[in-house]
Amino acid sequence: MAKIILIYASMSGNTEEMADAIAAGVREAGEDLTVMEVTDANAADLAGYDGILLGAYTWGDGELPYEFLDFYDDMEDLDLSGTKAAVFGSCDSCYAQVGKAVDILVDRLRELGSEIVQDGLKVELTPSDLDKELCRAFGRNLVNSVVHGTTVQQ
Ligand SMILES: Cc1cc2nc3c(=O)[nH]c(=O)nc-3n(C[C@H](O)[C@H](O)[C@H](O)COP(=O)(O)O)c2cc1C
């Protein structure tokens, strides 16, 4: 069975709702999933997983949330080659850098050798029922990529 981990940060609950729906999609697809808030997670553990899902809201002027900063720094020397990954987060299009935290984490994972298997999923504020369906599909797609080698984007 593939090992998949989902790590997220959420201040007001929107990214957490996305995480719950994505986790449901992974579990529907029958795979083993570990879910953690980023403040409880160790970056070094990522290398022990086949599939990585990171979730972060965007803060400041297009920045990572403060909860993610230590984790992001600790990722620096990891070798994530052989892993498949995808990133998600709630955002707000009133800001100039919409969902930039998602892009920052995608870039970091790529630098470390992980294969990004689908475009980052950015949801405007609180996920709607349709957004949650997209989140479940996002989780299933990650599983398909890990188990069957499919890629949704590019
Ligand atoms: C001070 C502040 C700065 C923010 N900056 C951005 C930003 O640059 N880009 C963006 O897309 N959203 C920004 N947001 C919006 C949050 O990402 C958005 O409210 C999100 O839904 C919060 O997710 P959460 O409920 O998971 O904490 C900002 C929100 C606050 C309060």
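Atoms within a ligand are numbered from 1 in the order they appear, just like the ligands themselves.
Summary of contacts: the protein heavy atom closest to atom 5 (N) of ligand 1 is G60 O, 2.8 Å. Taking atom 9 (N) of ligand 1 as the reference point, the nearest protein heavy-atom neighbour is Q97 O, 2.9 Å. The single protein non-hydrogen atom nearest to atom 22 (C) of ligand 1 is Y57 CB, 3.6 Å, given as residue, atom name and distance. Counting protein heavy atoms only, atom 13 (C) of ligand 1 is closest to T58 O, 3.2 Å. Nearest protein heavy-atom contact of atom 31 (C) of ligand 1 is W59 CZ3, 3.3 Å. Protein heavy atom at the shortest distance from atom 8 (O) of ligand 1 is G62 N, 2.9 Å. Nearest non-hydrogen protein atom to atom 20 (C) of ligand 1 is S90 OG, 3.4 Å. The protein heavy-atom contact nearest to atom 29 (C) of ligand 1 is Y95 OH, 3.4 Å.
V98 is not connected to V102 by any chain of hydrophobic side-chain contacts under 4.5 Å among Ile, Leu, Val, Met, Phe, Trp and Tyr, and they are in different clusters. Hydrophobic clustering of Ile, Leu, Val, Met, Phe, Trp and Tyr side chains at less than 4.5 Å, counting indirect connections, keeps F138 apart from L125. In the hydrophobic clustering of ILVMFWY residues, with side-chain heavy atoms under 4.5 Å counting as a link, L64 and Y95 come out apart.
With no hydrogens or angles considered, a side-chain donor-acceptor pair links T83 and S114 at under 3.5 Å. A donor-acceptor pair shorter than 3.5 Å cannot be found between the side chains of T39 and E67. Side-chain N/O atoms of Y57 and E16 include no donor and acceptor closer than 3.5 Å.
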Take L53 and V26, measure what side chain to side chain contact (heavy atoms under 4.5 Å, CB included) needs, and give me the verdict at the end. CA-CA 10 Å; L53 290 157; V26 171; 3.9 Å; yes
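Closest heavy-atom approach to atom 12 (N) of ligand 1 among the candidates V123, D92, V102: D92.
A salt bridge links K122 to D103: at least one charged side-chain nitrogen sits closer than 4.0 Å to a carboxylate oxygen. Taking a cutoff of 4.0 Å between a charged side-chain nitrogen and a carboxylate oxygen, E63 and K100 do not qualify as a salt bridge.
Ligand 1 places these atoms under 4.0 Å from at least one heavy atom of L125: 18 (C), 19 (O), 21 (O). The distance from ligand 1 to the heavy atoms of G13 drops below 4.0 Å at these ligand atoms: 24 (P), 25 (O). Near S10, the atoms of ligand 1 lying under 4.0 angstrom from a non-hydrogen atom of the residue are 24 (P), 25 (O), 26 (O), 27 (O). Taking every heavy atom of C91 and a limit of under 4.0 angstrom, the matching atoms of ligand 1 come to 11 (O), 17 (O). Near V98, with a cut-off below 4.0 Å to any heavy atom, the atoms of ligand 1 are 11 (O). Those atoms of ligand 1 that come under 4.0 Å of a heavy atom in G99, given as number and element, are 10 (C), 11 (O). For ligand 1, the atoms sitting less than 4.0 Å from at least one non-hydrogen atom of M11 are 24 (P), 26 (O), 27 (O), numbered in the order shown with element in parentheses.
Annotation for D73: atom CG counts as buried by contact number, over 12 foreign heavy atoms lying within 6.0 Å.
The shortest heavy-atom distance from K100 to ligand 1 is not under 4.0 Å.
To the nearest 0.5 Å, atoms SG (C135) and CG (L130) are separated by 9.5 Å.
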